[in-house]
Amino acid sequence: MPNTVSSTFLYNAQRLKVLFAGIASLILMIGIARFAYTPMLPLMQQQAGLGIAQGGWLAAFNYAGYFCGALIAANISDLAKKDRLYRLGLLVAIVTTAGLGFTLNFWLWGLLRFLSGLSSAAGLLLGSGLVMHWLLRHQLRSELGIHFIGMGAGIFLTALFVYLIAGQISWQQHWFWLSALGCLLAIPAWFWLPKPDTSGYTVGGEKMVDQPPSQQFLQTFMLAYFCAGVGYAVITTFIVAHVNQITADHAYGSVTFMIIGLAAAPACIVWDLIARKLGNLNALLLAFVVQFTGMLIPILSPGLIWTFIGAGLFGGTFIGIVSLVLTMAGRYFPTRPAKMMGKMTLSYGLAQMAAPAAAGVLAQWSGSYHLSIIISCGIMFVGCWLIYGLRNHE
């Protein structure tokens, strides 16, 4: 009996370490390497002379790196190679975050944002795939809700950091301190995620078998995810700058982004519970509709209270959509979960690459981000109908 209790304790401790490694990797490679740019954008526009359209292009460069990373993940089946690239991504996230503070050259900024996009793909796809593979192999519940707390926590922490020290240090020092925080997060992200087992069997000796969906299902699924990617990219890139345009106090932009992060942190666990009750596609359809509503509310009612409500709805769903989609992908391909995750993210990444650049140019032409957000709402609405069609087809 004591041996059983001891082994159970050690097993649960290992599970918690693996999950925390995944959370730390997402805070670093998504929260810092990707999302710190959003609250930092107004600061770089004020202090470093970054233009509105240039801000959009830097976001597009980042998403281009993310897209290339997704392409790599979709074409790699070797788990050991995925593990090596994941660990390389941790280092790249730290270096590229610090590098932004060392130059004023727009093209160097673009290169660094591209490389940080590669690291974001390593965190979201390779890291999530490795965590999912470990859960499946150990015959645990194959849900990524706890793991994806890292995305919401990363958004909240970076927004809170920029909000608390805004005006006290230069924009360059912001990037240096964020990089230092990344160094601390890299320790558990590196050492607590075990090397993957490549045997193809669970710990109970069962063969892990892939069950891919039909080609028609996959194509429609990817198109719907593209629509969600447009909404995600435009809001997360420009929401702080948009709120700063419509309010006298620029602190409200960072507060809005913090609300998105706070809502996102527990969202994936909530959507896992909803999926257990309603089924994956029903839960996904509900998440699409709520995200669309959260995007639309600040446009229809631009007051601060409604903007905060919309930010909460958006934060509580965009990460839930990512979690549900990648969880479904992992279940279709338990032996190589990052492969379909990568394919799905190609469509999401293409949207993220094109939408911010187009939205930035449109904002410069129109003088505000209002029209860009309206168009992204329309595309998100199309995504809702596609998921509705998939649900009926299933």
Side-chain angles (χ1 to χ4, degrees), residues 26 29-31 33-41 52-71 110 113-114 116-121 123-125 151-152 154-155 158-159 222-243 253 256-257 260-261 264 287-288 291-292 294-296 298-299 310-311 313-315 317-323 325-326 344-364 369-384 386:
L26 287 180
M29 292 193 274
I30 301 293
R34 159 63 188 103
F35 283 118
Y37 176 73
T38 299
M40 283 295 296
L41 177 58
I52 293 176
Q54 286 181 324
W57 279 111
L58 286 184
F61 290 148
N62 182 257
Y63 288 130
Y66 186 80
F67 181 84
C68 291
L71 189 62
R113 294 305 293 158
F114 176 85
S116 70
L118 284 174
S119 76
S120 296
L124 186 62
L125 301 177
M151 284 188 70
I155 293 171
T158 53
M222 291 177 69
L223 184 57
Y225 202 39
F226 171 89
C227 295
V230 172
Y232 157 82
V234 172
I235 297 298
T236 54
T237 301
F238 297 116
I239 188 62
V240 174
H242 170 69
V243 174
T256 302
F257 204 58
I260 291 176
F288 265 67
Q291 178 172 317
F292 167 73
M295 294 168 61
L296 193 61
I299 296 299
L313 292 176
F314 177 82
T317 49
F318 86 89
I319 184 61
I321 290 172
V322 173
S323 177
V325 168
L326 297 189
M344 293 303 301
T345 306
L346 286 176
S347 62
Y348 204 68
L350 182 61
Q352 293 175 77
M353 186 168 55
V361 172
L362 192 60
Q364 188 173 41
Y369 296 100
H370 190 86
L371 183 58
S372 299
I373 295 175
I374 290 176
I375 293 174
S376 67
C377 286
I379 295 172
M380 189 68 200
F381 182 74
V382 173
C384 294
L386 290 171

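Every heavy atom of this structure was used, including side-chain atoms; hydrogens, water molecules and symmetry mates were not.
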Non-neighbouring partners of F226 that pass ring-ring contact (aromatic ring centres under 6.0 Å, His included), sequence neighbours left out: none
Give me the atom names and distance for the closest heavy-atom approach of [X] to [Y].
X: G69; Y: L118; answer: N-CD2, 3.6 Å
X: A351; Y: G229; answer: CB-C, 3.7 Å
X: A70; Y: A121; answer: N-CB, 3.9 Å
X: T158; Y: G31; answer: CG2-O, 3.2 Å
X: G294; Y: L313; answer: CA-CB, 3.7 Å
X: F257; Y: A159; answer: CD2-CB, 3.7 Å

If you round to the nearest 0.5 Å, how far is [atom2] of [Y] from [atom1] of [X]?
X: M222; Y: C227; atom1: CE; atom2: SG; value: 12.5 Å
X: M151; Y: F35; atom1: CE; atom2: CZ; value: 4.5 Å
X: F67; Y: S347; atom1: CZ; atom2: OG; value: 9.0 Å
X: L71; Y: Y66; atom1: CG; atom2: OH; value: 13.0 Å

Check residues 55-62 and write down every donor-acceptor pair under 3.5 Å in which the side-chain atom is one partner and the other belongs to a residue at least two apart or another chain.
residue	atom	partner	partner atom	Å
N62	ND2	R113	O	2.9
N62	ND2	S116	OG	2.8

Test side-chain contact (heavy atoms from CB on, under 4.5 Å) on Y63 and R34; report intermediate values, then the result. CA-CA 9 Å; Y63 288 130; R34 159 63 188 103; 2.4 Å; yes
Against I30, only a single residue in V322, I155, I319, L124 fulfils side-chain contact (heavy atoms from CB on, under 4.5 Å); can you say which? L124
Go through it in stages, so that I can follow the logic: the residues are I321 and Y225, the test is side-chain contact (heavy atoms from CB on, under 4.5 Å), and I'd like the CA-CA distance, side-chain angles, deciding distance and then a yes or no. CA-CA 9 Å; I321 290 172; Y225 202 39; 4.0 Å; yes
Run the side-chain contact (heavy atoms from CB on, under 4.5 Å) check on F318 and I260 step by step: do they pass? CA-CA 10 Å; F318 86 89; I260 291 176; 3.8 Å; yes
